[in-house]
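Taking it in order: structure first as structure tokens, then the write-up.
Just so it is clear, the structure is predicted and the values come from calculations on it, not from any experiment. Just so it is clear: chains get the letters A, B, ... in the order the sequence lines come, proteins before strands, and each one is counted from 1.
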Amino acid sequence: MAKEYNFREIEKKWHKQWAEKQTYRVTEDKNRKKYYVLNMFPYPSGAGLHVGHPLGYIASDIYARYKRLQGFNVLNPMGYDAYGLPAEQYAIKTGQHPEKTTFQNIDRYREQLDKIGFSFDWDREVRTCTPDYYKWTQWAFQKMFNSYFDEELQKAQPIEKLIEKFKAEGTWPADEKEQSDLLMQHRIAYLGETMVNWCPALGTVLANDEVVNGVSERGGYPVEQKKMRQWCLRVSAYSQRLLDGLETIQWSESIKETQKNWIGRSEGTEVQIKVADQDVDFTIFTTRADTMFGVTFFVLAPESELVDMVTTPDQRKAVDEYIKYVKGRTERERMIDHTVTGVFSGAYGINPITGDKCPIYVAEYVLAGYGTGAIMAVPAHDSRDYAFAKHFDLPIIPLVEGADVSEESYDAKEGVVMNSPISEDKSVSYEGERLILNGLTIKEAIAETKRFVKAHNLGRVKVNYRLRDAIFSRQRYWGEPFPVYYKNGIPQMIPEECLPIKLPQVDKFLPTETGEPPLGNATKWAWDTKTNSVVDCSTIDNQTVFPIELYTMPGFAGSSAYYLRYMDPHNDEALVSDEAASYWQNVDLYVGGSEHATGHLIYSRFWNKFLFDLGVSKKEEPFQKLINQGMIQGWSSFVYRLRNTNKFVSFDLLDEQYDDAKKKSLYYYQGVEADPVYADISMVNGNVLDVEKIREWTPEFREGEFILNQNGQYIVNQAIEKMSKSKYNVVNPDDICENYGADTLRLYEMFLGPIEQSKPWDVAGIDGCFRFLKKFWTLYWNKDGSLAADDSEPTADNMKSLHKLIKKVSEDIEVFSYNTSIPAFMVATTELTNQKCRSRKVLEQLVVLIAPFCPHIAEELWEALGNKTSVCDAQWPSFDEKYLVESTVKMPVQFNGKVRFTLELPADMSKEDVEKTALSAPDAAKYLEGQQVVKTVVVPGRIINIVIKPL
RNA sequence: GCCCAGAUGGUGGAAUUGGUAGACACGAGGGACUUAAAAUCCCUUGGCCUAACAGCCGUACGGGUUCGAGUCCCGUUCCGGGCACCA
């Protein structure tokens, strides 16, 4: 009786053994080299894991196991990003405490994860919502509060140093409030009056990366601009370091590019502009200093305080009206609608280069938050200035030879400069020198203008960044509370030794009736400075008892330094001990979705750089190598209901019409429009709906009438979409584990395609992987159920098959090309089966090779082969080229009446031997027969080209 | 508009990095075993032409370099991603 591949028993057995023997426990071991593998930890949602989640976990698990087999001490932890909006919204709806639902979800996640056989060290699990974890989030915030960014040193320094500096300068104010206000302008975590993205529907502010196309990323609600006092993190101070760091890490080019765009460095020039007939001047920022001769007007941002200063009395009314109009527009409107608007301020600015007086306008196309909020307009060479000039009928002066600006501006930075100046009297002389750019290329002209402006003190060279400070306050309940109380409106830090300050209980999770954040509902939320403890709000006297901050921290707070906590998760003295941080350094391999490119991956880098400045983190960059796993999409199924009826029509009976306005197809049945309704994929087989099953699903279907096609089937329409509960296209990994086993699931998820690519889940192919594992299993057993391995020496063919595989798999794993290893496994297994390989040596190494991919079957076979230890502690086989290469003819080609062919030979052969071997190789003989050797060329390595012609 | 990454059978995708394009898998078709089904195994499967052998064409399109191009260079088209009144 052949031994059956009973994956259920095998997997159960090894899950138990791994847990009992703590196979995946890791400790710092100075004698071994470390390797740190990390997945972006999941938010435990109520829907549980779907097959898309484990994709990255499996990929990193394979790598972690591979590294361990290579002798590295591998840290591969897992935890939960447990604070988040969905739990809070669920709490608002049901009254259930978010902690309860979050912990339930975590248990469910853990159960699902355990089934897949990951090598996580669960002793190191972290949850961002537990006090022993968020103590260190609060601690880091306080450190940021007590630090400033020293521009010269380009690093964070204690705020005390700045106070000393102010005292030495004599600029340190006596008043406590003034002191606080002054320091606020420098602290890395600071309280600022800023324009924020306010989302009324969610009742909270959002960070820039949480707003997409003017609506909230979550829920798609409108977002408006509002001025609020908020906690902010001075991320912008680190712009240059965030940019420079990208050069030192191995991330995909596209993510690096995204971050570069987000940071948005632009090198330019700031120039002082005097306002004519007024005692005011202002600064403009430009990257095109070469176009100073083409300036025909200036523009101020409507929000700029300069507007008020320069506006002349007769234009006051018009300007005020315009500002009112701008304020009435939402972020969204400004984004979509680019019609030209603006108003003349009545004032004129003097171009310091030409001496010309140019009108100053106020227009919303200039943004207050970037540069200086004021620009010089060069309509000939900037499309926005061009549109504005055309609209207000302002002059356009072309400055580039051959550029035609009659229809549109010439924005390119290529060409030769002219009209600069038009004539000598159009160029102001400074200390006897005039700026002359004619004949220079644009790039040369920029450099020359910079030099001129600097030399004559007209302005300065300036680098601007688009990256804004992160808004760090949220008007929510389910987040980290700030360790801050207010004394006469001045924020004070709760003493470090009192941390963590725990999230208070509330009876309602909504904002209070007076519009305060949900923490306003807490009755015990005041700080007593005498006892250093949280006390009842009713005792607030603003003498010794003060109100505590009502805001909570945003989602990225807890996820910004979690990788450091995994190094030393139970330490209550420090975020991470110096020993642990020194040993583990930083994450070697980080795996997660690319959707975090401008969120978590920026904040985390910022946070780590700050901790690096403090000496807590030992590496400037937290994640050395980053792999972005693609999304696994689901197949959504639609049935079509005739409008205003309860009739459902088979998809193939519908007439399709494309609607240009809506950019989608509409469907009709006998002239009646049919609307798509999601059907759960479990009710669909291929594209045929199980009508009986869907009737059991919901009442609307139970009563429904189903109009079938002529084959008596109901056909559904299918589309590939993101896997989501609401689209009823979720495939649960538990079902796959149940029917095929975790090893097949692991293998199949990798086989689906390149790890970085998004691809639809398609169960059809899973049988192939399952069949392979059965075949692999069969290789190890005789027909009677006994082990097939013996002590026979492997044949040359055995070694060739094995080493071909070792080479391929080792190379593939290094570059995360697992999907191409799997065919290699299949081929090798077939070859060894055909060779009737029984050699224990070969079979053992084969088990080790598959162990990272399919740990359960590997453990079982490893044990069956007589090993007492786990296959995890085996050694990764090394590849030896000598088994691979005999001489093989690569490719004969004909040209010019000659034939050239290439032989592949072992690498360590001498040049003479290569020639001799090549000419006498059996493969070559058939080509050489009756031919004359014209010339041989040995290509470096082991390729030889032999040119021959007929005798 | 600017920047980045892509395009190979019916499908997912291979191709030792310039050397026999289409590995492996799915799907499809045919066959074996079986009373039947499932499972398993074998064969065929880029296109055209052909009874077959053979032959020709094929890696989005157009050029180029090379003895040789899916791979390198130039141009075009299309799809995906990022940024976007950022001066």
Side-chain angles (χ1 to χ4, degrees), chain A residues 213 252-266 268-269 284-289 291 298-299 301 334-341 363-378 381-385 387-388 408-409 411-412 464-468 594-595 597-598 628 630 686 747-748 751-754 756-769 771-772 774-775 778 804 807-808 811-812 817 819-830 884-885 888-902 904 939 943 945 947:
Chain A
N213 293 328
S252 74
E253 283 308 312
S254 66
I255 291 269
K256 284 195 201 178
E257 198 59 33
T258 302
Q259 291 211 342
K260 278 182 199 161
N261 282 340
W262 190 260
I263 296 165
R265 178 192 158 100
S266 73
T269 315
I284 56 96
F285 173 78
T286 180
T287 54
R288 290 293 300 276
T291 58
F298 296 98
V299 188
R334 267 176 97 158
M335 243 158 151
I336 294 167
D337 174 22
H338 283 187
T339 46
V340 177
T341 66
E364 61 177 336
Y365 85 88
V366 173
L367 305 176
Y370 184 77
T372 58
I375 63 152
M376 63 178 210
V378 185
H381 301 291
D382 183 287
S383 51
R384 297 152 300 179
D385 297 345
F388 195 84
E408 55 180 2
S409 61
D411 292 14
N464 263 326
Y465 301 92
R466 189 157 52 223
L467 186 67
R468 307 291 163 81
S594 57
E595 67 273 19
T598 55
N628 296 116
L747 209 55
Y748 183 58
F751 186 57
L752 222 43
E756 310 216 51
Q757 207 169 74
S758 288
K759 55 238 158 185
W761 179 260
D762 179 10
V763 238
I766 205 163
D767 290 306
C769 290
R771 268 203 289 273
F772 159 70
K774 279 198 282 191
K775 212 162 155 185
T778 310
K804 218 163 60 184
K807 186 175 184 218
K808 177 73 178 151
E811 285 169 358
D812 281 350
S817 176
N819 59 318
T820 62
S821 297
I822 291 160
F825 270 114
M826 295 180 181
V827 171
T829 305
T830 307
L884 284 199
V885 216
T888 50
V889 175
K890 283 223 91 152
M891 122 135 258
V893 265
Q894 290 197 354
F895 67 100
N896 298 345
K898 296 168 194 160
V899 175
R900 177 192 299 234
F901 65 89
T902 310
E904 197 174 314
V939 178
I943 307 286
N945 290 323
V947 182

>> Apply the syn/anti split at 90° from 0 to B/rU59 and say which one it is.
In response: anti

Keeping the roles fixed (side chain from [X], backbone from [Y]), state whether a donor-acceptor pair exists under 3.5 Å.
X        : Y        : result
A/Asn464 : A/Ser266 : no
A/Ser409 : A/Asp411 : no
A/Lys759 : A/Pro754 : yes

> Which sits closer to the 5' end of RNA chain B, A/Glu257 or A/Ala374, going by the nucleotide each is nearest to?
Replying inline: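 Taking each residue's closest nucleotide, the earlier one in sequence belongs to A/Glu257.
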
> On RNA chain B, nearest-nucleotide positions of A/Leu752 versus A/Gly373: which is more 5'?
Replying inline: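 Its nucleotide being nearer the 5' end, the pick is A/Leu752.
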
> Within less than 4.0 Å of OP1 or OP2 of B/rG80, is there a side-chain N or O belonging to A/Ser758?
Replying inline: no

> Choosing from B/rA87, B/rU40, B/rA14, which nucleotide comes nearest the side chain of A/Lys774?
Replying inline: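 Out of B/rA87, B/rU40, B/rA14, the nucleotide with an atom closest to A/Lys774's side chain is B/rU40.
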
> Just wondering, are more than 12 heavy atoms of other shown residues or ligands nearer than 6.0 Å to CD in A/Glu756?
Replying inline: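 Buried by this count: over 12 neighbours within 6.0 Å.
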
> Base, sugar-phosphate alone, or nothing: which one does A/Arg265 contact when heavy atoms must sit under 4.0 Å apart?
Replying inline: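 It contacts nothing in the nucleic acid.
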
For nucleotides 83-85 of chain B, which of its nitrogen or oxygen atoms have a protein nitrogen or oxygen under 3.5 Å away, and what is each distance?
residue: B/rC83; atom: O2'; partner: A/Arg466; partner atom: NH2; Å: 3.1
residue: B/rC85; atom: O3'; partner: A/Arg384; partner atom: NH1; Å: 2.7
residue: B/rC85; atom: O2'; partner: A/Tyr365; partner atom: O; Å: 2.5

>> Strictly under 4.0 angstrom, non-hydrogen atoms only: write out the protein contact profile of nucleotides 22-29 of chain B, one letter per nucleotide from the 5' end, B, S or -.
In response: -BBSS---

Starting from [atom2] on [N], measure out to [atom1] on [X] and report it in whole angstrom.
X        : N      : atom1 : atom2 : result
A/Ile255 : B/rG80 : CD1   : C1'   : 14 Å
A/Phe298 : B/rA87 : CZ    : P     : 18 Å
A/Asp812 : B/rA15 : CG    : C1'   : 12 Å
A/Lys807 : B/rA15 : NZ    : C1'   : 13 Å
A/Glu756 : B/rG81 : CD    : C1'   : 13 Å
A/Lys759 : B/rG6  : NZ    : C1'   : 15 Å
A/Lys808 : B/rU17 : NZ    : P     : 11 Å

Gap between atom [atom2] of [Y] and atom [atom1] of [X] - 0.5 Å precision:
X        : Y        : atom1 : atom2 : answer
A/Met826 : A/Leu747 : CE    : CG    : 6.0 Å
A/Glu595 : A/Asn628 : CD    : CG    : 8.5 Å
A/Thr287 : A/Phe285 : OG1   : CZ    : 6.5 Å

>> Could you report the tightest heavy-atom contact between A/Ile284 and A/Phe298, atom names first, then the distance?
In response: CG2-CD2, 4.3 Å

>> Testing the basics here: between A/Arg265 and A/Tyr465, what is the closest heavy-atom pair and its distance to 0.1 Å?
In response: NH1-OH, 3.4 Å

>> Does the plane of the ring in A/Trp761 sit parallel, tilted or perpendicular to the ring in A/Tyr748? Use 30° and 60° as the thresholds.
In response: perpendicular

>> For RNA chain B, please output the secondary structure as dot-bracket, reading 5' to 3'. Pairs are Watson-Crick or G-U wobble, both atom distances under 3.5 Å; mark crossing pairs with [ ], other-strand partners with |, unpaired with a dot.
In response: ((((.((..(((......[....)))((((((.......))))))(((......)))..(((((..]....))))))).))))....

What's the gap between [N] and [M] when it is taken at their [atom1] atoms, as a whole Å value?
N      : M      : atom1 : answer
B/rC4  : B/rU8  : P     : 22 Å
B/rG75 : B/rA21 : C1'   : 25 Å
B/rG19 : B/rC72 : P     : 11 Å
B/rG9  : B/rA60 : C1'   : 15 Å

> Would you call A/Arg468 and A/Tyr370 a side-chain contact if the rule is heavy atoms closer than 4.5 Å?
Replying inline: yes

